[in-house]
2 protein chains.
Amino acid sequence: MTTAKSDTLASRIGKTLADRIISGAIEAGARLRQDHVAEEFGASHVPVREAFRLLESQGLVVSEPRRGVRVAGFTREEVREVAEMRAALEALALRHAVPHMTRAILDQAEEANRAGDRARDVHAWEAANRKFHGIILAPCGMPRLLKAIDDLQTASARFLFSGWRAEWEAPTDRDHRAILDALRAGQSELAVSVLARHVQTIGQKRPK
Amino acid sequence: MTTAKSDTLASRIGKTLADRIISGAIEAGARLRQDHVAEEFGASHVPVREAFRLLESQGLVVSEPRRGVRVAGFTREEVREVAEMRAALEALALRHAVPHMTRAILDQAEEANRAGDRARDVHAWEAANRKFHGIILAPCGMPRLLKAIDDLQTASARFLFSGWRAEWEAPTDRDHRAILDALRAGQSELAVSVLARHVQTIGQKRPK
DNA sequence: ATTCTCAAAATTATCTATAATTTTGCCGAA
DNA sequence: TTCGGCAAAATTATAGATAATTTTGAGAAT
């Protein structure tokens, strides 16, 4: 998750805070105080407020008027909700991506999948996993849909990093391979249904 | 769309601007200049900037860094995209709402539907239509999903008010009745598929 | 006439300061 | 001891001011 040097200050602060929330460095329910954040970044609180709004739109914090923002909690129910939404939207995206799918794209996806195999820590694995999903869905050419999926993937990653899920390699990789195989064989609907089931299982692992 | 008197200034400005964009009072592609808006509302530009962020998260404006925000355009492609996303998410919501569906809820929905019949102008009809969808989907109890659907309905309303669609009564009401009938008969999957098709047709009307 | 350059004007982004609200902690009364 | 209320501290929200960037337009060169 690169902290793009060029962007506006608010979005840079937002991205950094997002990383911390996702990685669990800031725990759920913690209050974020604009002055403290501003001081840390050597900025004033105006861009900090805007960063908060960005995080709010991604569902990473909740904001009560006049009472500040706090890191959004995520109950098992919410995790399930995100997983179901992801399943529905990624299925939609894949259906629209299929007509534009090329051999080259599938090869890229396979490479991302192999990178996931090689990953030693959860962060590297998550990056590869997100890349895989991104590669096979991007050809749908629906920017709003892709943005929504990306936000949901961020929420999922938060769940993943929380340590609730201990094991993550084997079943996911099998699913990824099955999806690629189905796509290569031209069995789009099979690929879609495997993807949908695959995404849903993410939310169904038992807490630690 | 009530401009809640109590909320924070930023969200009040945001709601007012949203109404204008949806109703077409501000045309697509128009630039929104923070000083002008601030002056009109007798406020400073800090809350205006936050209002812009709110609109951005709803997809009503697009913001280029250092170059301000402009009202999001909506091509036929984008309208279709929103319709497909709505179909996918509303289908998901209805599936989860069905187990919690009661006779009373269905009666409320029927009443909202009748209000739609009585509507004389597009605005009243849209309000009733949104209410109908809201009533049958709310029991799913998935707040993030409902919020996403609401944003998509807003985008749809924008399309509706743009005048591209001339006629709107008959087919929609027939669909609504079919959904209610299916729900009453316990045929959930039928209701879901009618709803999905129904929402998708919204994006398929020809431009004027 | 067209295009390029440069300066002025407009606009955005950020900072500093002020007002309003909420939280916190202490003190007294039951 | 516990509860309620009041005052001080902390924090959020907004306003006003400054810096930086982009847009605009005029004038010169081709």
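Residue numbers begin at 1 in each chain, while the letters A, B, ... track the order of the sequences.
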Integer-rounded Å distance: [N] [atom2] and [X] [atom1]:
| X | N | atom1 | atom2 | value |
| --- | --- | --- | --- | --- |
| A/Leu9 | C/dT12 | CG | P | 18 Å |
| A/Asp35 | C/dT16 | CG | C1' | 12 Å |
| B/Arg70 | C/dT12 | CZ | C1' | 14 Å |
| B/Glu50 | C/dT12 | CD | P | 16 Å |
| A/Glu64 | D/dT11 | CD | P | 16 Å |
| A/Leu54 | C/dA13 | CG | C1' | 16 Å |
| B/Glu39 | D/dT14 | CD | P | 19 Å |
| B/Arg53 | C/dT12 | CZ | C1' | 12 Å |

Next item on the list: Nearest-nucleotide wise, let me know which of A/Arg66 and A/Ala10 is further upstream toward the 5' end of DNA chain C.
Entry: A/Ala10

Notebook entry, point to check: How do A/Pro65 and B/Arg33 order along DNA chain C: which one's closest nucleotide is nearer the 5' end?
Noted result: B/Arg33

Ignoring the backbone of [X], work out which of [options] is nearest its side chain.
| X | options | answer |
| --- | --- | --- |
| A/Arg67 | C/dT23, C/dC15, D/dT21 | C/dT23 |
| A/Arg31 | C/dT23, D/dG16, C/dT14 | C/dT23 |
| B/Gln34 | C/dT23, C/dT12, D/dT14 | C/dT12 |

Notebook entry, point to check: Closest approach of B/Leu137 and B/Leu94, non-hydrogen atoms and distance?
Noted result: CD2-N, 3.7 Å

Check: Is the base of D/dA17 touched by the side chain of B/His45 through a donor-acceptor pair closer than 3.5 angstrom?
Finding: yes

Notebook entry, point to check: Any side-chain N or O of A/Thr8 less than 4.0 Å from the OP1 or OP2 oxygen of C/dT14?
Noted result: yes

Check: Hey, does A/Ile13 reach any base, or is it just sugar-phosphate, or nothing, if we go heavy atoms under 4.0 Å?
Finding: nothing

Margin query: salt bridge (charged side-chain N to carboxylate O under 4.0 Å, His left out), that's the test. Do A/Arg103 and A/Asp107 meet it? Break it down for me.
Written below: CA-CA 6 Å; A/Arg103 172 59 49 104; A/Asp107 288 346; 5.1 Å; no

Item checked: A/Arg184 bridged to A/Glu110 by N-O distance under 4.0 Å -> yes

Checklist line | Between A/His96 and B/Glu84: side-chain donor-acceptor atoms closer than 3.5 Å | finding: yes

Note to self: Using the rule given for salt bridge (charged side-chain N to carboxylate O under 4.0 Å, His left out), can you reason through A/Glu111 versus A/Arg118, listing the C-alpha separation, both sets of side-chain angles and the distance that settles it, and then say yes or no?
What the structure shows: CA-CA 11 Å; A/Glu111 172 47 35; A/Arg118 287 192 301 271; 3.3 Å; yes

